[in-house]
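To start, the structure itself, in structure tokens.
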Amino acid sequence: MQESLDFLREIVRRDTRSGVYGGRVVTRFPPEPNGFLHIGHAKSICINFGIARDFGGICHLRFDDTNPETEDMKYVESIMRDVRWLGFDWKDKLFFASDYYEQLYDLAVRLIKDAKAYVDSQSDEEIRKARGTITEPGIGSPYRSRPVAENLDLFSRMRAGDFPDGAHVLRAKIDMASRNMKMRDPLLYRIRHATHYRRGDAWCIYPMYDFAHPLSDAIEGITHSICTLEFENNRAIYDWLVDNLFREPRPRQYEFARLNLDYTVMSKRKLLQLVEEKLVSGWDDPRMPTIAGMRRRGYTPEGIRLFASRIGVDKANSRVSMDLLEDAIRDDLNARAPRAMAVLRPLKVTITNWPDDRVEWLQVPSWPRDIGKEGSRKVPLTREVRIERTDFSVDPPADWRRMRPGGEARLMGAYFIRCDEVLRDPSSGKVTELLCSYDPESLGAPAKGERKKTTAIQWVSASHAIPAEVRLYDRLFTVADPENMEEGRSFKEFLAPASMEVVREALVEPALAEPPPGDRFQFVRHGYFIVDEVDSRPGAPVFNRIVGLKDKYRPAGSAVKPADRS
RNA sequence: UGGGGAGUGGUGAAAUGGAAUCACACGUGGCUCUGACCCACGGUUUCCAGGUUCGAGCCCUGGCUCCCCAGCCA
């Protein structure tokens, strides 16, 4: 019996069986602390930590912090929080490339001594020009055959701070005519008189990614270094460096396709722009595809991991539909979010045969039968209640199951009521109130006859309901691929005008008067909601819609939604 | 134009020379005190053209399309 593995696990299994690494499996998640993690990183985290877990190995968390100008401690903190929140544990394997600066420097010196690296004193402009193009070979730097002793001297003076930014760089001596542009004597070190968030002013030369990354992997004993497709060309440098400086068995790099999600953006630059230009409320705006945003939105780690496992891993560039993510979230929430009643757009209903002062506290189950969980709460029924405006239609389509003039529907967990009379505002004609009568025999009784064609609707007692703010989130963009705009257009032009709707007149059942921030509920027939961690207050709860329920209902022969009727 | 990758229902993935499978989406029907959940059924013939083979999504040849590479970013 052999379940099918993705191509990465296939490779890891091959290597554990052949024993090249003595059975060890060591992966790593290597973020640069210069931004917040997003759903694309979540995919990578699930792959790297997931593979380590599946093969009894370990996944390191290593910050690839080699650029002092963009990195910050606040990012390492948020990244650690996000990885933990997602449910992964790097144990004591927390590393920083910036802790390897001394070792990396020594490795660079070895390369120089082996005549495999040299100090280039051309300007950045000259270097760029001499690199050639994809069709023309590059030209060797005039400094390319600088004597080893001179290179050594220059490199140590670079470190000592004898030169200004840009005066020299250290380059690998590989092949200026390589068909692979990345191999045309890649830069290894640059001078940068900048304060590093961890090393302060200890260094004024900093290693480039192409140098620091493979060597950090080798230093840590990584076996499988998994990254995204755009680094395929860099693998040649990776191999060149590690082969020249380390012994077998040594780490190898494998690439997979990064995640693209419909109706959102994933690039750090664009995400940063949304935040800085205040087009969203921050990195944790519930509409953001960041881990922080999804956390505040109410997405669960389990749901996100389920999503990651459902999309799989491959090398084909792809774009995943939001439906896949939302369904994974719903799938997880269905079994863990207790049901409650909320009315978002209230319509007044008076039960005319119910005594004015009678309050009946009904015990309503918090879970549907098929979930199989115990639990219920008390919901008060009174003469005056509120139902959803969209649950009443004066002129309903044939397959309507909700309230209609003269028709019946069950108040969920309570009695059937019949709509005897419809009151309207004389000037606008708008329905203002329903006068109904309830059937005292119908509590807990199975529906029969015509009643079987109706559905149970949510409701709240007018006198006991708690006013609540409900925030309905929707996709941030109006087009599926806002990152791929035609020339001269900005992705910002496609921001959805109503990606957040704030409903202030919502009413929730009294059990939800003081909900603990972070608690999740299913508001029946609406969707899943979370008590906002920032703005919710006891007595004035604020709920974020995590994701709506699926709704297959379309009025027969009409494109008009129930919300637009009556 | 050079080099490196990738093409399987609408979307994401399986099938590792032997009956194209799964999830999501969509459609139809069933169930239901949530038009949810759940259940059943339905649609693709593997980018194109040849070739090898008893047999090809998988192998070979030639095309086509898309992505990545010319930062002292990662």
Complement of [N], any strand, by Watson-Crick or G-U distances under 3.5 angstrom:
N	result
B:rC66	B:rG5
B:rU34	none
B:rG42	B:rC26
B:rG71	none
B:rC54	B:rG18

task: Identify which nucleotide among B:rG3, B:rA14, B:rC69 has an atom closest to any side-chain atom of A:Asp6, counting heavy atoms from C-beta outward.
output: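 Side chain of A:Asp6 sits closest to B:rA14.
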- request: Syn or anti for B:rG4, please, going by whether the chi angle lies within 90° of 0.
  value: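 Classified anti.
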message: Please tell me if A:Arg184 has a side-chain N or O lying less than 4.0 Å from either OP1 or OP2 of B:rC69.
response: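 So the side chain of A:Arg184 is outside the cut-off, no N or O lying under 4.0 Å from OP1 or OP2 of B:rC69.
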Atom [atom1], compared across [N] and [M]: separation rounded to whole Å:
N	M	atom1	answer
B:rG9	B:rC22	P	16 Å
B:rA56	B:rG18	C1'	10 Å
B:rC67	B:rU61	C1'	24 Å

Heavy atoms only, 4.0 Å cut-off, all strands: where does [X] land among base, sugar-phosphate and nothing?
X	value
A:Gly444	base
A:Phe231	base
A:Leu187	base

Every protein N/O within reach of nucleotides 5-7 of chain B N/O, cut-off under 3.5 Å:
unit_1, atom_1, unit_2, atom_2, d
B:rG5, O2', A:Glu232, OE1, 3.4
B:rG5, O2', A:Glu232, OE2, 3.0

task: Mind checking salt bridge (charged side-chain N to carboxylate O under 4.0 Å, His left out) for A:Lys315 and listing every partner two or more places apart, or none if nothing turns up?
output: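 Only A:Glu232, A:Glu255 meet the salt bridge (charged side-chain N to carboxylate O under 4.0 Å, His left out) criterion with A:Lys315.
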field: Contact letters for nucleotides 18-25 of chain B, in which S counts primed atoms plus P, OP1 and OP2 and B counts the base, heavy atoms under 4.0 Å
entry: -----SSS
message: Once you measure the plane-to-plane angle for A:Phe529 and A:Phe523, does it fall in the parallel (<30°), tilted (30-60°) or perpendicular (>60°) bin?
response: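 Because their plane-to-plane angle is under 30°, the rings of A:Phe529 and A:Phe523 count as parallel.
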